[in-house]
Every structure is written in C-alpha cells, then in structure tokens.
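Encoded as structure tokens, the structure appears first; notes follow it.
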Amino acid sequence: MLIGHAFELGMKSRLLHAGADEEDLMIGVNHSLTAALKMVQRTEGGRIEGECVALIESLSRPHAMQAFRYPSLLPEADLPPPDRALRTLRHFLRTTDTRLRGWWRALRPDPP
C-alpha cells in the first residue's frame, strides 16, 4: 500500500515541478498511477526507467481499488517480489529527489 502511495506522491511532485496545478492532478490523475505515469512521461519526455514503469503499471489497479488496504480485494495479479519492489522504489525516489532538490528547498526554509 505504501509503495503505491510513494509512487503516487513522487509522480505528483514531479508534475507540480513541471508546472501542473492542483486541478490538473485532481482531474487528470486523481489516484491513478497509470494516469500519473503517462502525464510524467509526457512532461519529462519518458524519463522514468523501464523497471519503474513495469512496477507502477503492476501496482496501478490494486492501488486504485485500495486492494492493499483490504486484502480480500487483492486481484489475482502478478505482483513483484517485495525486495525488488523496494529497490525499484528507492531508485525512483532518489531520482525524484535529485530532480526536485532545488525546488524543494525553495518551498521550505532550512531547519533552524
């Protein structure tokens, strides 16, 4: 469940950085990982790597159904092994942090 949320928020951060506004995210993305992925690929020219794309696509439907919150709803889907999913998420978050580093600092003051 948290991996899906991390991807969702990471992609939404990248979209905000690229100029999307809250309405774009509510209407065009909502909680769809697939919609967020397509929008990021359009705005960044396909800069999300293949393994991340595959993981996001495999998590998209169960994430939208909130199936990870309610295990009885989990579809019979091929989900990746947890260790691979975590490695892929770590890579995605490092890439996102690198892309947004200056932008994040402008949004929040340095801690005292």
Side-chain angles (χ1 to χ4, degrees):
M1 180 168 116
L2 294 177
I3 288 177
H5 284 294
F7 275 115
E8 178 183 343
L9 295 176
M11 288 188 289
K12 285 180 174 179
S13 296
R14 289 166 82 151
L15 291 168
L16 287 169
H17 179 258
D21 61 26
E22 195 171 332
E23 187 175 331
D24 295 329
L25 299 182
M26 288 188 329
I27 294 171
V29 174
N30 200 359
H31 297 290
S32 170
L33 298 180
T34 301
L37 175 63
K38 287 178 182 177
M39 193 178 270
V40 168
Q41 288 175 319
R42 269 194 315 272
T43 61
E44 294 186 0
R47 291 188 187 160
I48 294 182
E49 295 80 10
E51 191 167 354
C52 287
V53 170
L55 179 58
I56 291 166
E57 288 174 346
S58 72
L59 294 174
S60 187
R61 186 167 180 258
H63 178 74
M65 295 171 46
Q66 298 185 8
F68 297 113
R69 185 178 296 175
Y70 307 104
S72 63
L73 299 177
L74 273 172
E76 302 265 337
D78 293 325
L79 296 176
D83 60 331
R84 192 177 102 217
L86 287 173
R87 273 195 320 273
T88 304
L89 175 62
R90 231 180 270 121
H91 173 73
F92 172 80
L93 293 175
R94 274 195 304 267
T95 303
T96 299
D97 180 57
T98 299
R99 289 186 191 285
L100 305 182
R101 189 161 298 209
W103 184 65
W104 286 124
R105 289 195 178 122
L107 288 178
R108 63 172 173 74
D110 289 329

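For clarity, every value in this text was computed on a predicted model and none was experimentally measured.
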What heavy-atom pair brings [X] and [Y] nearest, and what distance separates the two atoms?
| X | Y | result |
| --- | --- | --- |
| Leu93 | Ala6 | CD2-O, 4.4 Å |
| Ile48 | Val53 | O-CG2, 3.6 Å |
| Gly4 | Leu33 | O-CD2, 3.6 Å |
| Ala36 | Met11 | CB-CE, 3.7 Å |
| Thr34 | Ser60 | OG1-OG, 2.7 Å |

Review point. Just wondering, do Leu55 and Phe92 contact through their side chains at under 4.5 Å, heavy atoms?
Key: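 Of all side-chain heavy-atom pairs linking Leu55 with Phe92, none is under 4.5 Å.
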Show me the donor-acceptor pairs within less than 3.5 Å that the side chains of residues 82-89 make with the rest of the protein, sequence neighbours left out.
residue: Thr88; atom: OG1; partner: Glu51; partner atom: OE2; Å: 3.0
residue: Thr88; atom: OG1; partner: Arg84; partner atom: O; Å: 2.9

Check your understanding: Parallel, tilted or perpendicular for His5 and His63, by the 30°/60° rule?
Key -> perpendicular
Review point. Just by distance, do the side chain of Lys12 and the backbone of Glu22 share a donor-acceptor pair under 3.5 Å?
Key: no
Practice item. May I ask you to decide if Ser32's main-chain N or O and Asn30's side chain share a donor-acceptor pair within less than 3.5 Å? Key: no
Practice item. List the steps, then state whether side-chain contact (heavy atoms from CB on, under 4.5 Å) holds for Asp24 with Val29. Key: CA-CA 7 Å; Asp24 295 329; Val29 174; over 6 Å; no
**Study point:** Residues in side chain to side chain donor-acceptor pair (under 3.5 Å) contact with Glu44, at least two apart in sequence or another chain
**Key:**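 Result, side chain to side chain donor-acceptor pair (under 3.5 Å) vs Glu44: Arg14.
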Review point. Looking at OG1 of Thr96 and NE2 of His91, how far apart are the two atoms once the value is rounded to the nearest 0.5 Å?
Key: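 So the OG1 of Thr96 and the NE2 of His91 are separated by 9.0 Å.
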Exercise for review: Report the distance from atom CD1 of Ile3 to atom CD of Glu8, rounding to the nearest 0.5 Å.
Suggested key: 14.0 Å
